[in-house]
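Report on the following structure.
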Amino acid sequence: MDYQYIKDEVYATAIEIYKSNLVMGTWGNVSQRINQELFVITPSGMDYDSLSPEDMIIVDKRGEVVAGQYQPSIETRMHIEIYKNRLDVNGIVHVHSPYVTAFAVANQPIPVILEETAQVIGHPIEVAKYALCGSQALAYEVAKCLANQENAVLLANHGLVALGSTLSDALRVCFIAEKTAMIAINAARLGKINSLSKKDILQLHEEFKYYGQTKVGE
């Protein structure tokens with residue numbers, strides 16, 4: 001199988017983070033799990049404007065290219081470690097958006113200040129210890145920080161990694177994290193940043209699981 005539908009989803013998400021200014025140039029990466037052995041990931045060092053769905057790479061859990069003509073993302077090791085340790089995760093998005101990266105550079109967690117932050121993310125976004133991009137040390141550090149069902153972590157002096165049971169869920173985490181970071185920075189200019197209580201965060205996050213439409217009679 002060529003898993004074209006997954007390549008299409010990874011490509012579409014990569015273009016979305018580029019057009020939404022969550023990344024620029026060739027930075028950032030996206031992947032989606034195929035099964036316990038394989039996943040699709042964006043190629044390394046290629047401009048988003050030049051990409052097509054066929055350029056997406058299929059990689060195995062050892063980091064070996066199974067299908068594709070290019071080298072996979074430099075952060076393939078990080079994606080492998082996350083998938084290995086989080087069987088609930090099927091999509092990963094790594095971005096360098098300005099406001100979340102400001103928190104990463106300041107080595108400060110992004111607080112839960114909005115109801116939508118509580119609903120979608122459900123926890124402050126902590127900062128992983130600095131390690132060089134693409135390194136196994138970074139992969140281990142990120143996986144360790146995400147071991148307790150967190151769906152986002154900041155990479156010190158680098159950016160954000162977001163997870164989801166689907167790729168669209170991981171992308172939504174990126175958007176909410178960037179909005180939260182922007183509002184937090186602007187609110188700090190006005191005065192004190194007021195975070196939601198742990199009780200309210202938990203309630204909002206749990207209730208959001210059942211948010212949305214259901215068919216009549218269900």
Side-chain angles (χ1 to χ4, degrees), residues 5-24 27-34 39-42 48 51 53 56 73 75 78-79 82-83 86-104 109-128 142-143 145-155 158-186 195-196 200-214:
Y5 69 101
I6 296 181
K7 292 180 183 178
D8 290 343
E9 290 184 18
V10 171
Y11 167 76
T13 302
I15 295 304
E16 180 65 25
I17 63 174
Y18 174 62
K19 289 184 175 179
S20 300
N21 296 316
L22 298 182
V23 295
M24 61 183 297
W27 285 271
N29 38 78
V30 176
S31 75
Q32 182 169 323
R33 190 198 295 270
I34 295 173
F39 61 94
V40 174
I41 193 166
T42 45
Y48 288 90
L51 292 178
M56 304 302 103
S73 168
E75 299 295 0
M78 181 176 69
H79 291 249
I82 294 171
Y83 286 131
R86 291 287 301 275
L87 300 182
D88 60 311
V89 170
N90 295 304
I92 301 171
V93 182
H94 170 45
V95 297
H96 296 175
S97 46
Y99 290 101
V100 298
T101 304
F103 273 89
I110 299 174
V112 183
I113 56 173
L114 305 173
E115 289 186 335
E116 60 204 277
T117 316
Q119 291 168 331
V120 172
I121 299 174
H123 59 84
I125 305 177
E126 303 294 339
V127 186
V142 170
C145 290
L146 294 168
N148 296 315
Q149 304 304 304
E150 295 88 350
N151 57 12
V153 66
L154 294 169
L155 311 185
H158 189 155
L160 172 83
V161 174
L163 319 180
S165 59
T166 67
L167 200 47
S168 60
D169 286 343
L171 179 60
R172 179 167 54 187
V173 169
C174 291
F175 283 123
I176 296 300
E178 180 68 358
K179 178 181 178 181
T180 304
M182 177 186 69
I183 291 174
I185 289 171
N186 287 326
S195 297
L196 294 171
D200 288 337
I201 292 169
L202 178 61
Q203 181 176 344
L204 286 162
H205 191 62
E206 287 301 312
E207 290 179 351
F208 188 70
K209 295 176 182 178
Y210 308 101
Y211 176 78
Q213 297 291 323
T214 58

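These numbers were taken from a predicted model, which means no experiment stands behind them. Residue numbers run from 1 in the order of the sequence given.
Taken from NZ in K7 to CD in Q32, the straight-line distance is 13.0 Å, to the nearest 0.5 Å. Between atom CD1 of residue I17 and atom CZ of residue F175 there is a gap of 9.0 Å, rounded to the nearest 0.5 Å. Note that CG of N29 and OG1 of T42 are 5.0 Å apart. Values are rounded to the nearest 0.5 Å. Taking CZ of F39 as the start and CD1 of I82 as the end, the distance is 9.5 Å to the nearest 0.5 Å.
Residues Y48 and V23 have side chains in contact (heavy-atom distance under 4.5 Å, counting atoms from C-beta outward). Side-chain contact check for L160 versus T101: every heavy-atom pair is 4.5 Å or farther apart.
In terms of the ring pair (Phe, Tyr, Trp, His ring centres under 6.0 Å) criterion, H123 has no residue partners (sequence neighbours excluded). Residues satisfying the side chain to side chain contact (heavy atoms under 4.5 Å, CB included) criterion with E207, sequence neighbours excluded, are Q203.
Formation of a donor-acceptor pair under 3.5 Å by the N90 side chain with backbone atoms of S165 is found in this model. Side chain of S20 to main chain of L22: no donor-acceptor pair is present (N/O by atom type, distance under 3.5 Å, no hydrogens or angles). With hydrogens and angles ignored, the 3.5 Å screen pairs no side-chain donor or acceptor of H94 with any backbone N or O of A162.
The number of heavy-atom neighbours closer than 6.0 Å to OH of Y99, taken from other residues, nucleotides and ligands shown, is 12 or below. Within a 6.0 Å sphere centred on CD of E115, heavy atoms belonging to other residues, nucleotides or ligands number 12 at most.
Closest approach of F208 and R172 over heavy atoms only: CZ-NH1, 4.1 Å. Across S31 and V10, no two heavy atoms sit closer than the pair C-CG2, 4.2 Å. Listed here is the closest heavy atom pair of L196 and A118: CD1-CB, 4.1 Å.
Between H158 and H96, the ring-plane angle classifies as perpendicular under the 30° and 60° cut-offs.
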